There are 2 protein chains.
Amino acid sequence: MTKTDQAYAIIQLIRPVHRRLARAVETKLAGSGISVGMRAVMEILAVKGKSSVPEIARNLFLKRQQIQLLVNELEAKGYLERGPNPAHKRSPLFALTKDGLSEFERIRQTENMELEALVTPLSQAELASTEVVLRQLLEHFSAFEDDPDNLGSLE
Amino acid sequence: MTKTDQAYAIIQLIRPVHRRLARAVETKLAGSGISVGMRAVMEILAVKGKSSVPEIARNLFLKRQQIQLLVNELEAKGYLERGPNPAHKRSPLFALTKDGLSEFERIRQTENMELEALVTPLSQAELASTEVVLRQLLEHFSAFEDDPDNLGSLE
DNA sequence: GTCAACATGACAATACAATTGTCAAATAAG
DNA sequence: CTTATTTGACAATTGTATTGTCATGTTGAC
């Protein structure tokens, strides 16, 4: 089993894992009126604080147009509020409202319980290696991005 | 950094990695008239040999309806041919034609060259751990599958 | 052997994420 | 000052996957 073969096996797993993960998150979110994408936006705001739409897009490796739609929905639900952006008059900074934050924390809590069971049979070293490999994948295949909007920072 | 936090970081990477991977594969496939899904079906047939549509679906963790569409397209392109299925009169077994096989091998070859560069900075141990973790993710979140069609075997 | 449960092909409709395209206003860079 | 870039806003489109349905084939219980 060469390293190339191993990489190949990993790549084949990405699609099904992604799909099941998305479905699981959806299931957990069902009824809350929050989609997987909306949840991701809330995450960025919870971690990074106030951000403009294009900033969020870069963090999530998505187009700003996609984020715009999610932000609009979240704002309509009262989970986000806009504030002035000293750096750009037309591009407001969005932040979680009190409602948004508590909703997000509720979500995170149920997710964490789910994760406890998931990680039990896995070692810290395995998890650390996985993150390294996934980041390498992300970076390597960024070469295929034609749109600079999609070249998010990896910190 | 707890294991739960690590798992969380990994989960957040799955979506962007999946998207970039899909785009990279598409780019490589551009012009050949083969989509990512069609390529995945060819892969199964190359590895597992003759299979029925539902069998392929289980292998790829997808619904048979989805596979049916891909198989139809591949057959129309002359990359697949159907043969009798001793186990089921109405459900033929599909196999790669000579054309299909050579096309698939051509694809695999260019992919392998790409992978060489990808795996260079990664160790065998890291890659092995990643596969373990991804399989655990896949298995764990299979609990959210309501459709038995989607419960593919992990061998 | 008969009948009920299940698997499959075939086709249609839909949902959802993501992309592409476009234009005007704001900003940055030279 | 002039030009290029960034951004918001809106529209249209694509691609993957799901859901629903029906007729036919298959399997297993009895």
Side-chain angles (χ1 to χ4, degrees), chain A residues 14-23 25-27 29-30 33-41 51-58 60-73 75-76 80 82 84-94 144-152, chain B residues 14-23 25-27 29-30 33-41 51-58 60-73 75-76 80 82 84-94 144-152:
Chain A
I14 293 285
R15 267 228 292 182
V17 167
H18 168 252
R19 209 151 359 86
R20 286 199 172 172
L21 208 41
R23 187 167 327 180
V25 175
E26 264 172 35
T27 303
L29 259 40
I34 297 182
S35 72
V36 181
M38 288 161 70
R39 188 213 156 287
V41 169
S51 310
S52 71
V53 166
E55 276 169 11
I56 301 169
R58 280 187 288 272
L60 293 175
F61 306 93
L62 286 170
K63 312 258 180 196
R64 65 197 166 83
Q65 288 91 333
Q66 170 84 357
I67 304 302
Q68 189 76 52
L69 298 174
L70 298 171
V71 165
N72 291 348
E73 277 187 273
E75 194 184 17
L80 256 56
R82 58 177 69 198
N85 182 353
H88 200 302
K89 198 182 295 177
R90 273 189 60 196
S91 191
L93 293 178
F94 288 91
F144 294 86
E145 295 291 339
D146 43 321
D147 185 341
D149 278 9
N150 260 19
L151 255 58
Chain B
I14 293 286
R15 266 228 291 183
V17 167
H18 168 253
R19 212 156 350 94
R20 286 199 172 170
L21 208 42
R23 187 168 325 180
V25 175
E26 265 171 35
T27 304
L29 261 38
I34 296 182
S35 71
V36 182
M38 287 159 71
R39 188 214 156 287
V41 169
S51 310
S52 70
V53 166
E55 275 168 11
I56 301 169
R58 280 186 288 272
L60 293 174
F61 305 94
L62 285 170
K63 311 262 178 193
R64 66 196 166 81
Q65 288 92 331
Q66 170 85 355
I67 304 301
Q68 189 76 52
L69 298 173
L70 298 170
V71 165
N72 291 348
E73 278 187 272
E75 194 184 18
L80 256 55
R82 58 177 71 198
N85 182 351
H88 201 299
K89 198 181 296 178
R90 274 190 60 195
S91 191
L93 293 178
F94 288 92
F144 293 87
E145 296 291 338
D146 41 323
D147 186 342
D149 278 10
N150 259 18
L151 282 164

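Per chain, numbering begins at 1; letters A, B, ... match sequence-line order. Note that this is a predicted model, so its numbers are computed, not measured.
Contact detail for Val53(A) and Arg64(A): the closest heavy-atom pair is CG1-O, 3.6 Å. Taking both residues in full, the closest heavy atoms of Ser35(B) and Leu70(B) are given as OG-CD2, 4.2 Å, listed atom of the first, atom of the second, then distance. The two residues Ser51(A) and Ile56(A) make their nearest non-hydrogen contact at CB-CG1, 3.8 Å.
Taking atom CD1 of Ile14(A) as the reference point, atom C1' of dT16(D) lies 17 Å away to the nearest angstrom. Going from atom CD1 of Ile56(B) over to atom C1' of dA7(C) covers 16 Å, rounded to whole Å. Going from atom CZ of Arg64(B) over to atom P of dT18(D) covers 13 Å, rounded to whole Å. In this structure, Glu73(A) atom CD and dA18(C) atom C1' are separated by 14 Å, rounded to whole Å. Remark: P of dG20(D) and CD of Gln68(B) are 19 Å apart, rounded to the nearest angstrom. Between the CD atom of Glu75(A) and the C1' atom of dG8(D) there is a distance of 13 Å, given to the nearest Å. Going from atom CD1 of Ile67(A) over to atom P of dT6(D) covers 17 Å, rounded to whole Å. Note: NZ (Lys89(A)) to C1' (dA28(C)) measures 14 Å, nearest angstrom.
Separating the CD1 atom in Ile34(B) from the CG atom in Leu29(B) is a distance of 5.5 Å, to the nearest 0.5 Å. For the atom pair CE (Met38(B)) and CG (Asn72(B)), the distance works out to 10.5 Å, reported to the nearest 0.5 Å.
Taking only side-chain atoms of Arg15(A), from C-beta outward, the nucleotide of dT7(D), dT21(D), dA17(D) with the closest atom is dA17(D). Residue Lys63(B) places its side chain closer to dT19(D) than to any other of dT20(C), dT19(D), dG9(C). Closest to the side chain of Ser91(B), out of dA10(C), dT22(C), dT8(C), is dT8(C). Among the nucleotides dT21(D), dT7(D), dG9(C), the one closest to the side chain of Gln65(B) is dT21(D). Considering only side-chain atoms of Arg19(A), the nucleotide from dT18(D), dT26(D), dG8(D) that sits closest is dT18(D). With dG9(C), dA17(C), dA17(D) as the candidates, the nucleotide lying closest to the side chain of Arg23(A) is dA17(D). Checking dT8(C), dT16(D), dT19(D) against the side-chain heavy atoms of Arg58(B) singles out dT8(C) as nearest.
The shortest side-chain heavy-atom distance between Ser52(A) and Leu93(A) falls under the 4.5 Å cut-off. The shortest side-chain heavy-atom distance between Val36(B) and Arg15(A) falls under the 4.5 Å cut-off.
Comparing Leu70(B) and Arg90(B) by the nucleotide of DNA chain D whose heavy atom lies nearest to each, the residue mapping closer to the 5' end is Leu70(B). Map Leu69(A) and His88(A) each onto its nearest nucleotide of DNA chain C; the residue landing nearer the 5' end is Leu69(A). Mapped onto DNA chain C by nearest heavy atom, His18(A) and Asn85(A) fall at different nucleotides, with His18(A) at the one closer to the 5' end.
At a threshold of 4.0 angstrom between heavy atoms, the contacts of Ser52(A) with the nucleic acid are absent. Note on Ala22(B): nothing from the nucleic acid sits closer than 4.0 angstrom, heavy atoms only. Within 4.0 Å of Gln66(A), counting heavy atoms only, lies at least one base atom of the nucleic acid.
At least one donor-acceptor pair under 3.5 Å links the side chain of Arg19(A) to the backbone N or O of Phe61(B).
For the helix from dG1(C)-dC30(D) to dG30(C)-dC1(D), the end axes, each set by the C1' atoms of five terminal pairs, are bent relative to each other by 50° (nearest 10°).
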